[in-house]
Amino acid sequence: MSDLFVDITLPNGLQYKQPVGLYINGQWLKSDTQIVSINPYTEEPITSVYAASAADVDTAAQAAHVAFQSWKRVTGEDKARLLRRLATLTEENLELLASLEAIDAGKPKEYNAKADVEGVAAILNYYAGSADKISGRVIPISDTKFAYTRREPLGVVGQIVPWNYPISMSSWKFAPALAAGNCIIIKSAENTPLSLLLFATLVEQAGFPPGVFNIISGYGAIAGTAISTHPLIQKVAFTGSTKVGQTVQRDASANLKNVTLECGGKSPLIVFDDADFEQAVKWAAWGIMYNSGQNCTANARIYVQDTIYDAFLEKFRATVIEEFPLLDAFDDRAKLGPVISKVQYDKIKQYIASGKADGARVLLGDDTKVPEKGYWIPPTVFVDCAEHMKIVREEIFGPVVAVSKFSSEEEVLAKANDSTYGLAAMVFTKDIVKAHRFAAELEAGTVYVNSSNDEDIKAPFGGYKMSGIGRELGEEGLEIYTQVKSVHINLGNKL
Amino acid sequence: MVTDEYPLTVHIKLPNGVEYDQPTGLFINGEFTKSKQGKTFEVVSPSTEEIVCSVYEALEEDVNAAVDAAENAFKNTEWATQDPSVRGRCLLKLADLVEQHAEVLAGIESLDNGKSLFCSRGDVALCSAYFRSCAGYADKVDGRIIDTGSNHLSYTRREPIGVCGQIIPWNFPLLMASWKLGPCLATGNVTVLKTAESTPLSALYLCNLLNEAGFPPGVVNIISGFGKTTGDVIALHPKVRKLAFTGSTATGRHIMKRAAESNLKKVTLELGGKSPNIIFNDADIAKAAQNMIIGIFYNSGEVCCAGSRIYCQSGIYDELLVEFKKAIANLKVGDPFDETTFQGSQTSQLQLDRILNYIDVGKKEGAQLITGGERIGGKGYFIKPTIFGNVHEEMRIVKEEIFGPVVTITKFETVDEVIELANNSEYGLAAGLHTEDINKAIDVSNRLKAGTVWVNTYNDFHSSVPFGGYAQSGIGREMGIEAFDNYTQVKAVRIKIDKKKA
């Protein structure tokens, strides 16, 4: 039994028991393989956890399938009660969860991890409020036919979540899925298994029936594939890179399961000369450096109108330097952490090299002093960029931004939309007509006017084009976990 | 009774031993105050006829103070404009607090209204469930974007109305308060709520919970008073933009007139009913009898949607009547605080007299008294469960709302006949029908003119299902998603978009 829990002392002194098993059907299980989770600040292992095999996924799917027969009959109010209890438990364990997330995901505890965990409680409460309000419609046809729709859960749902916001992205998935009446198997990313496992102890405490909420760690190629192909799993929801998203969609065709994907982005942020200049600079800096740029909606391409280009660059550079010093996770002033892993570090370094090779000018990043330990990439700003450059077209997923100049509305609109991605877009202007015109014309699932990455759990979020399929958050975020059944009652039509 | 000596809190010991502090003041701007003129009125326990305490009575100047406090909270604080999730959290906390204080609240309700603890506990549970349901909706009141072409951005917002006046009845004091407060507060409005003069106590107790739940001062103001004085001031008040009333049809009509005379305030009304409860030959007789009991004797028959006209198909009439009488014989009528009591007392002397008068009228009209028909004992307003048979449609006891444990029973033959009988009313609040045939159930439901049709059940409420009247039983719906329409107004915004060249 003690093998399934490891005593851990976090760098800020908090001590707790870290679960390391697979949480399936209300039990903690071991498996044949393990994953080591590394602290990106220290490059040292925190602990290892058990990784699910295809057989483990099958066990979970079978258990969830059985649990679903009862869970689907639980009233909305009772589901809401459990979700709210879980929200309360999350709030009660805020400090611990945030501290763990900080070292597993490599993000500042106070500025990033805490906000992530608070978001988990908020979204649980939001969807708890919806749980008793999932109604269909009555459709008038004639006196001899009574037709109505039911919105039913899908059944067993698989959810594969990323490492950039481990517990937060998990909540975007589990909260609506459970509220809608599904039973879930949720797999964390290989890089960041710990917070979700700790969260499983709260799920237990909240009183979810066994089999309803299953939590596993695992390798994408093994456990992830097992989920995507499993015949008992009716839906897979995935957040991660577009490349892996394509694999998930292909695998899901095995039993035609319902698929929703939140994938990559290369979101353009446009600054017109009639913008509130100071605010535009601040939001633009925040929108790419927050979470060290490891953010699907990061504004990794910035287009500045030529009339303010030089002034913008100067202010932007100064703002990034001031706002994003490289500090320790538990330093309350920290707003930027290292990137998640050696693999990501190497990838980003390669992009930086390609940027230079393609002729972009480095405004910031080359001379920044970096701590000795940790996968630190300093905030890197490329300017005078052009559309053919890899750093402009491809998702880097690090604190690296490509800034370009533009002169006309037509030009920047064309450039902004010239991408296979379409997750978000940002436009800064005081001109209301320009704002609404761009909101309508930009090919993106979310358009921010005069802000960036300013999402709210009540407003739907998701991608156009290869940034994704379906929407999370808001009402739409619940709908993707239901299916419509039409019922026709014959009140007298005879053949 | 005029006195400025009366304390703002009175310590009360309930008959079941529970003790608590009863607020007696007017709850305005987050605090209890005495009325400006110091007037109070007595609160009587209808099951013992004893005086419980007095409460302060709000007159015109007090109503004005409450309205001003509400207006200030609406205009000058962030209540209406903040992140709506905050309002949701207040309602959630309130729901939890109601649950924590459930036994006290149920006891107050039984003391003040005379209903059995069985009924009052049910009310308290429905109350917290409803606050919880509204809480979840607070942050989901969306408008829409409407595609009218690329020359415009057209969208709607659903905005709160502002200061609401809410007047609630005495039959479900706490529950009716929740039906009014829930959707009103979730959508960002503020309110002045007047309780019924016979039952002011539970809402006043709720005020402490409102503060604890985090509702800012002025958002909810609760005052005690009489209809003709307090209620009328609210109905006429120029700053009140919306009025919600539950009570008799006659008063509802008056309220609507006052709204029109003053400032065309928006009005929703939950009024009276004379709801038909229809039993078909193929009904499950034992279950139907139970549903008939719930339909007319639950809450001592003081229910707007009570199934007060029973129509029984001739094939099972005799058997059903036997079953019904047997079920009535098993009903315990008496002390509300006795855990085995089903039916408590009527709420006041006035109501007792009204009901006994109708019983008299029924006898004089030639109806056959099958059982009951008289008061029980001399202390406390208790009436025996009463059935009148051999009635005809023109009798007053068949047409008029009695609002007590008195039911008429009529035989019928065909579906067409009973639908005509059922619909032959100026009311249209609810209807019940009992049958095992789903086709008949849906067909008859489609044809009954009532805001709620219950099939094989009765008085069976749920927070998510709307409730309200056809015809003279009311205007608008409470509960369900529809309730939120009463407390929001639609603003359409059209922004012109001119194409630019550069």
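Lettering follows sequence order; numbering is per chain, from 1. This one's a predicted model, so the numbers in the text were calculated from it and none came from an experiment.
- Heavy atoms closer than 4.5 Å to chain A are found in the side chain of B:S464, but not in its backbone.
- Heavy atoms of A:E475 lying under 4.5 Å from chain B belong exclusively to its side chain.
- Ring pair A:Y303/A:F428: centre-to-centre distance not below 6.0 Å.
- For B:L92, the part lying under 4.5 angstrom from a heavy atom of chain A is the side chain only.
- Residue contact with chain A, scored on non-hydrogen atoms closer than 4.5 Å, is absent for B:D443.
- In this structure, chain A has no heavy atom under 4.5 Å from any part of B:R89.
- A perpendicular orientation is assigned to the rings of B:F461 and B:W454, their planes being inclined by more than 60° (bins at 30° and 60°).
- The pair A:D274-A:K434 meets the salt-bridge criterion, with a side-chain N (NZ, NE, NH1 or NH2) lying under 4.0 Å from an Asp/Glu carboxylate O.
- Note: A:Y127 and A:Y481 fail the aromatic proximity criterion, with ring centroids not under 6.0 Å apart.
- Ring pair A:F461/A:W172: centre-to-centre distance below 6.0 Å.
- With sequence neighbours left out, B:S154 forms a side-chain hydrogen bond (donor to acceptor under 3.5 Å, both in side chains) with B:T148, B:R494.
- Contact of A:I489 with chain B is made through the side chain alone, with heavy-atom distances under 4.5 Å.
- Only the backbone of A:N490 comes within contact range of chain B, judged by heavy atoms closer than 4.5 Å.
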